[in-house]
Amino acid sequence: MRGIDNNLTEFYEALLARYGHQHWWPGETDFEVMVGAILTQNTNWKNVEKAIANLKTADLLTPPALDALTEKQLAEYIRPAGYFNIKSRRLKNLIRWLMEEFEGSLDPLRDYSIPRLREELLAINGIGRETADSIILYALHKPTFVVDTYTYRVLARHGCIDAESDYEQIKEFFESHLSEDVELFNEFHALIVQVGKNHCRPRAQCANCPLETFAHTIEE
DNA sequence: GACCAGGCACATC
DNA sequence: GATGTGCATGGT
């Protein structure tokens, strides 16, 4: 890892100054955040909002309510989020776990360690590393750093990480250079997504990117 | 019409 | 272990 190692915190401060607080994760309850974490897999958040609105309007945003639906019924509610059949199955997997282990309550999870949570969540079919970490950070408010395609793309574009760095390496990079702070991890990830949307689109050249200054300065 | 969006599991080599 | 593919709607 190179480039911004020594002033990752300065990079964070610059992003915050430029974009302000992102107020993640948008959601009224921790359970809603969990549901959103699955719905947003490879999907624009705007589409997820429509699906969440459907569930909310039907008063279905609780584990027991979703547990009572068939996979087919749930799929119809979440149709706007795309991949609705597979996501319905994934949501049902998560809800089945919550119902069977904790009778639909999230409270027992709040006492779990991060490694334990990660292990349990990753054992659920349809929940991968990013979704697990998003749930742990944004729904359960525990300090684990979330890595996504934006994180990878933004850092790789500017030579801060090797192109072959994997999820765990990038996650470890952030966690080892930052204090274990839920609010910091929350905001930082959200800000990186913001930079990615504004400056690091897949096929467009980066323009006026905040990271440029940092990567460049350190490498000289 | 092409491209993109806050991934993941599975098949195949 | 790496690489390819299906899943799908909606905005630009």
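Just so it is clear: chains get the letters A, B, ... in the order the sequence lines come, proteins before strands, and each one is counted from 1. Hydrogens, waters and symmetry mates are skipped; everything else that's a heavy atom, side chains included, is used. None of these values were measured; they are calculated from a predicted model.
Set against B/dC3, C/dC7, B/dG6, the side chain of A/Asn44 has B/dG6 as its closest nucleotide. The side chain of A/Pro80 lies closest to C/dG10, out of C/dG10, B/dG6, C/dC7. Ranking B/dC10, B/dA5, B/dC8 by closeness to the A/Asn125 side chain, first place goes to B/dC10. Distance from the side chain of A/Pro202 is smallest for B/dA5 among the nucleotides C/dG11, B/dA5, C/dT9. Considering only the side chain of A/Arg79, C/dT9 comes nearest among B/dA9, C/dT9, B/dG6. When each of B/dG7, B/dC4, B/dG6 is scored by its nearest atom to the side-chain atoms of A/Tyr83, the top-ranked nucleotide is B/dG7. When the nucleotides B/dC8, B/dC4, C/dG10 are ranked by their closest atom to the side chain of A/Arg90, B/dC8 comes out on top.
Stacking between A/Trp45 and B/dG6 is present: the aromatic ring centre lies within less than 5.5 angstrom of the base six-membered ring centre, and the two planes differ by under 30 degrees.
A gap of 13 Å separates the P atoms of C/dT12 and B/dG6, to the nearest Å. C/dT5 and B/dC3 have their P atoms separated by 16 Å, with the value rounded to a whole Å. To the nearest whole angstrom, the two C1' atoms, one in B/dA5 and one in C/dA8, are 12 Å apart.
A donor-acceptor contact closer than 3.5 angstrom links the side chains of A/Thr151 and A/Asp148. Using a 3.5 Å distance cut-off with no hydrogens or angles, the side chains of A/Lys171 and A/Thr144 do pair a donor with an acceptor. There is a side-chain donor-acceptor pair under 3.5 Å between A/Asn93 and A/Arg96.
Environment of CD in A/Glu103: sparse, with no more than 12 heavy atoms of neighbouring residues, nucleotides or ligands closer than 6.0 Å.
Remark: the backbone N or O of A/Glu164 is not paired with any side-chain donor or acceptor of A/Asp162 at under 3.5 angstrom.
Rounded to whole angstrom, the span from the CD atom of A/Gln22 across to the P atom of B/dG6 amounts to 12 Å. C/dG10 atom P lies 18 Å from atom CD of A/Gln41, rounded to whole Å. Whole-Å rounding puts the A/Lys46 NZ to B/dC4 C1' distance at 16 Å. Counting to the nearest Å, the P atom of B/dG6 and the CD1 atom of A/Ile192 are 14 Å from each other. Per the geometry, NZ belonging to A/Lys197 stands 7 Å off C1' belonging to B/dG6, to the nearest Å. Between the CG atom of A/Asn47 and the C1' atom of B/dC4 there is a distance of 11 Å, given to the nearest Å. In this structure, A/Ile38 places its CD1 atom 19 Å from P of C/dT9, rounding to the nearest Å. In this structure, CD of A/Glu76 is placed 13 Å from C1' of C/dA8, rounded to the nearest angstrom.
Of the residues near DNA chain C, A/Thr43 and A/Lys50, the one whose nearest nucleotide (by heavy atom distance) lies more toward the 5' end is A/Thr43. Residues A/Pro26 and A/Ile127 both approach DNA chain B. Their nearest nucleotides, taken by heavy-atom distance, put A/Pro26 toward the 5′ side. Nearer the 5' end of DNA chain B, as judged by each residue's closest nucleotide, is the contact made by A/Arg201, out of A/Gly128 and A/Arg201.
Among the atoms of the strands shown, none is found under 4.0 Å from any heavy atom of A/Ser134. Counting non-hydrogen atoms under 4.0 angstrom, A/Arg153 reaches the backbone sugars and phosphates but no base.
In this structure, A/Thr29 OG1 and A/Lys56 NZ are separated by 7.5 Å, a value rounded to the nearest 0.5 Å.
Listed pair A/Thr149 / B/dG7 meets the phosphate criterion, a side-chain N or O lying under 4.0 Å from OP1 or OP2.
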